[in-house]
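One structure below.
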Protein chains: 2
Amino acid sequence: MEKIRNEMAGEITLSATPGSTMKKWREIFAITQVELADLLKISPSTISDYEGNRRKSPGSGVIKRFVGAILEIDTQRGSPILSKFQQGEGKSEQYFELHEFATSISAIDFQKMLNASVVANEELMKSKKLYGYTLMESLKIILEMPYSQFPKLYGTMSERAFIFTQVSTGRSPMVVIRVTPMKPSLVVLHGLKEVDPLAIKIAEREKIPVISTNMDLAKIKEVLNKI
Amino acid sequence: MEKIRNEMAGEITLSATPGSTMKKWREIFAITQVELADLLKISPSTISDYEGNRRKSPGSGVIKRFVGAILEIDTQRGSPILSKFQQGEGKSEQYFELHEFATSISAIDFQKMLNASVVANEELMKSKKLYGYTLMESLKIILEMPYSQFPKLYGTMSERAFIFTQVSTGRSPMVVIRVTPMKPSLVVLHGLKEVDPLAIKIAEREKIPVISTNMDLAKIKEVLNKI
DNA sequence: AAGCGACTTCGCCAAAAGACGTACACAACT
DNA sequence: AGTTGTGTACGTCTTTTGGCGAAGTCGCTT
């Protein structure tokens, strides 16, 4: 859902005629101007003005509300169109969750938000900036995920935090990082009991700071989704 | 390149604080406000005003120019950051080209633009609308492309044209469509010599109109990229 | 402490955006 | 021929955007 939302918004924004592109999407979702206007609490003629490219550069707010309304209407209808778009998406999502932040955040602030303690490479913390995170169950990633999915762990940016859940010693997660071509900026271990010395060795060699938290998983997601 | 452009624009547009997200991207590309302002021929303070969220809903034009300038600067520098984003992208692109139109286009208009003749299901032409196309070499797709790539042929929308190049009888392309779960709205055969009867049979069963053109490939791309 | 580069804050102004309502075009259908 | 649903065109209004420049902050380097 968030993927198609972003794609719609991006395409409208980049179009030479944003209004025509808005129209295109409304038609794809088979929604009338009246329906859309009702939900947005504006008049249908306003919609038509946009679609006729009377406003050459509609504001991000308008585009955001427009895209949101289209997706909401489709959802209310039982997602007849949305379901078409989400066919190929399920595969990667069963292994991990990707999230990009709207603004950058420093590793230090990130650590504070998660109420985490530093396990390795504390001196590297202050120079790191984060632009998103990837949350995954360490065992599932190692045992079940096909190799072809690995590059997807990085989303758009490698300047991100890898959050591993259900960790016992932290060894396996660090090995995963060791054998992957790209490297995250920060590693978060969740549920850690005892730190494996090899995990720290790897962290030092790869120059990646590692922090540990035991905050409730739902709480973690809630906090991070605000960024 | 177009993918990351769209992603940036979409993210900025959807953000609750578009300015902060603009800032995030400028920082990711390690560009100063002054550089950006120079290229955009506006004053640096204007950039700062945006980034400080003084404009709550920047217009699509601003966002488009902003994203464009960032990508241009990075390109001029030899794409130090862009190259990071384009790592995993090459795989699918060697098999086919995807393109989404900014506005919808009718199958009839599409046919005229390509100077094409109808091979099958002429009566279905008038009801079809297209939102993009996928261009591929028929032999390469059949012989070399891994199965996992097939869903990607449809881009965001299945309401699109499949353009097969280097076609002799049109049989194999139609077989590909027969065995794929999703179906395109229109098939274009390029370089067709003699139509295989089975190809037409498949088209009729799948209710997909088929047209044929011999227009120069470069010309085709040029024409379609204007939509 | 002086200077420099990068960035922020703010008052101000012209030009658009954002919205409305009315009028109008054009297919369906009764 | 009349009505109903969908979409366009446009005059008009207020609020924002989009832009500038001057003044100021905040680290660095020298």
Side-chain angles (χ1 to χ4, degrees), chain A residues 9 12-70 73 77 103-106 108 126-127 129, chain B residues 9 12-70 73 77 103-106 108 126-127 129:
Chain A
I12 292 167
T13 302
L14 291 175
S15 174
T17 51
S20 304
T21 307
M22 289 163 82
K23 178 172 190 165
K24 167 187 130 175
W25 283 108
R26 180 177 60 76
E27 286 175 343
I28 286 176
F29 281 84
I31 294 169
T32 68
Q33 290 182 342
V34 175
E35 279 178 288
L36 211 69
D38 280 355
L39 199 134
L40 290 169
K41 286 177 192 155
I42 59 177
S43 99
S45 73
T46 306
I47 306 272
S48 180
D49 279 343
Y50 281 110
E51 291 186 355
N53 299 302
R54 196 177 185 199
R55 308 275 171 262
K56 285 161 198 162
S57 176
S60 66
V62 171
I63 297 173
K64 186 165 68 170
R65 289 192 295 274
F66 179 90
V67 170
I70 285 185
I73 289 174
R77 288 176 175 173
T103 50
S104 66
I105 179 171
S106 71
I108 307 268
K126 66 177 190 305
S127 64
K129 277 197 172 184
Chain B
I12 293 167
T13 302
L14 291 176
S15 174
T17 51
S20 303
T21 308
M22 289 163 81
K23 179 172 191 166
K24 167 188 130 174
W25 283 107
R26 180 178 62 75
E27 285 174 343
I28 287 175
F29 280 84
I31 294 170
T32 68
Q33 291 182 341
V34 175
E35 278 177 289
L36 212 73
D38 280 355
L39 199 133
L40 290 169
K41 286 176 191 154
I42 58 176
S43 99
S45 73
T46 305
I47 305 272
S48 179
D49 279 343
Y50 282 109
E51 292 186 353
N53 300 303
R54 195 178 186 199
R55 309 276 173 259
K56 285 161 198 163
S57 177
S60 67
V62 170
I63 297 174
K64 186 164 70 171
R65 290 193 294 275
F66 179 89
V67 170
I70 284 185
I73 290 174
R77 287 175 176 174
T103 51
S104 68
I105 180 170
S106 71
I108 306 268
K126 66 178 188 302
S127 64
K129 276 197 171 185

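First the proteins, then the strands, lettered A, B, ... as listed; each starts at 1. Side chains are part of it too, since the values below use all heavy atoms of this structure and drop only hydrogens, waters and symmetry mates.
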To the nearest Å, give me how far apart [atom1] ([X]) and [atom2] ([N]) are.
X: A:Asn53; N: C:dA17; atom1: CG; atom2: P; value: 11 Å
X: B:Ile47; N: C:dG5; atom1: CD1; atom2: C1'; value: 16 Å
X: B:Lys23; N: C:dA6; atom1: NZ; atom2: P; value: 14 Å
X: B:Phe66; N: D:dG19; atom1: CZ; atom2: C1'; value: 16 Å

With side chains defined as the heavy atoms from C-beta onward, is the minimum distance between A:Tyr50 and A:Val62 less than 4.5 Å?
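Touching, per the 4.5 Å side-chain cut-off.
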
Contact check, side chains of A:Val67 and A:Trp25, non-hydrogen atoms, under 4.5 Å:
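A:Val67 does not reach A:Trp25 side chain to side chain.
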
Reported [atom1]-to-[atom2] distance for the pair [X] and [Y], which is rounded to 0.5 angstrom:
X: B:Leu14; Y: A:Ile63; atom1: CG; atom2: CD1; value: 9.0 Å
X: B:Lys23; Y: B:Ile28; atom1: NZ; atom2: CD1; value: 13.0 Å
X: A:Lys56; Y: A:Thr17; atom1: NZ; atom2: OG1; value: 12.5 Å
X: A:Ile42; Y: A:Ile47; atom1: CD1; atom2: CD1; value: 4.0 Å

Produce a footprint string for nucleotides 22-28 of chain D: one letter per nucleotide, 5' end first; B if the base is under 4.0 Å from any protein heavy atom, S if only the sugar-phosphate is, - if neither.
B------

Determine, step by step, whether A:Thr13 and B:Ile12 satisfy the side-chain contact (heavy atoms from CB on, under 4.5 Å) criterion, reporting the C-alpha distance in whole Å, the side-chain angles of both residues, the deciding distance to 0.1 Å, and the verdict.
CA-CA 9 Å; A:Thr13 302; B:Ile12 293 167; over 6 Å; no

Are any protein N/O atoms closer than 3.5 Å to N/O atoms in nucleotides 15-17 of chain D? If there are, list each pair with its distance.
{"from": "D:dT17", "atom 1": "OP1", "to": "B:Lys56", "atom 2": "N", "distance (Å)": "3.2"}
{"from": "D:dT17", "atom 1": "OP1", "to": "B:Ser57", "atom 2": "N", "distance (Å)": "2.9"}

For the helix from C:dA1-D:dT30 to C:dT30-D:dA1, how many degrees between its two end axes (five pairs per end), to the nearest 10°?
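Here the local axes at opposite ends form an angle of 30°.
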
Could you pull out all residues at least two apart from [X] that satisfy side-chain hydrogen bond (donor to acceptor under 3.5 Å, both in side chains)?
X: A:Thr46; value: A:Ser43
X: A:Ser15; value: A:Thr21
X: B:Ser48; value: none
X: A:Ser60; value: none

Applying salt bridge (Lys or Arg N to Asp or Glu O under 4.0 Å), which residue pairs with at least one partner in residues 31-53 of chain A are found, sequence neighbours left out?
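Of all non-adjacent pairs touching residues 31-53 of chain A, those that pass salt bridge (Lys or Arg N to Asp or Glu O under 4.0 Å) are A:Arg26-A:Glu51, A:Glu35-A:Arg77, A:Asp49-A:Arg54.
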
Go through the N and O atoms of the side chain of B:Asp49 and the base of C:dC7, and report whether any donor-acceptor pair is under 3.5 Å.
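No, no donor-acceptor pair under 3.5 Å.
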
side-chain contact (heavy atoms from CB on, under 4.5 Å) evaluation trace for A:Ile70 with A:Leu36:
CA-CA 7 Å; A:Ile70 285 185; A:Leu36 211 69; 3.7 Å; yes

Does A:Lys129 have any side-chain contact (heavy atoms from CB on, under 4.5 Å) partners at least two apart in sequence or in another chain, and if so, which?
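Here the qualifying residues are A:Ser104, A:Tyr131, B:Glu27.
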
With B:Ser127, which residues qualify under side-chain contact (heavy atoms from CB on, under 4.5 Å), at least two apart?
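Listed in chain order: nothing, the list is empty.
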
With a 4.0 Å limit, can you tell me whether B:Ser48 has a side-chain N or O closer than that to the phosphate oxygens OP1/OP2 of C:dC7?
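Checking C:dC7 against B:Ser48, no side-chain N or O comes under 4.0 Å of OP1 or OP2.
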
Minimum-distance pair of heavy atoms, taken over all atoms of B:Ala69 and B:Leu39
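Heavy atoms of B:Ala69 and B:Leu39 come nearest at CB-CD2, 3.7 Å.
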
Contacts under 3.5 Å, N or O only, protein and nucleotides 26-30 of chain C:
none

What are the residues of residues 28-43 of chain B, sorted by number, that bring a heavy atom to within less than 4.0 Å of DNA chain C?
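The stretch gives B:Thr32, B:Gln33 as the residues lying under 4.0 Å from the strand, ordered by number.
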
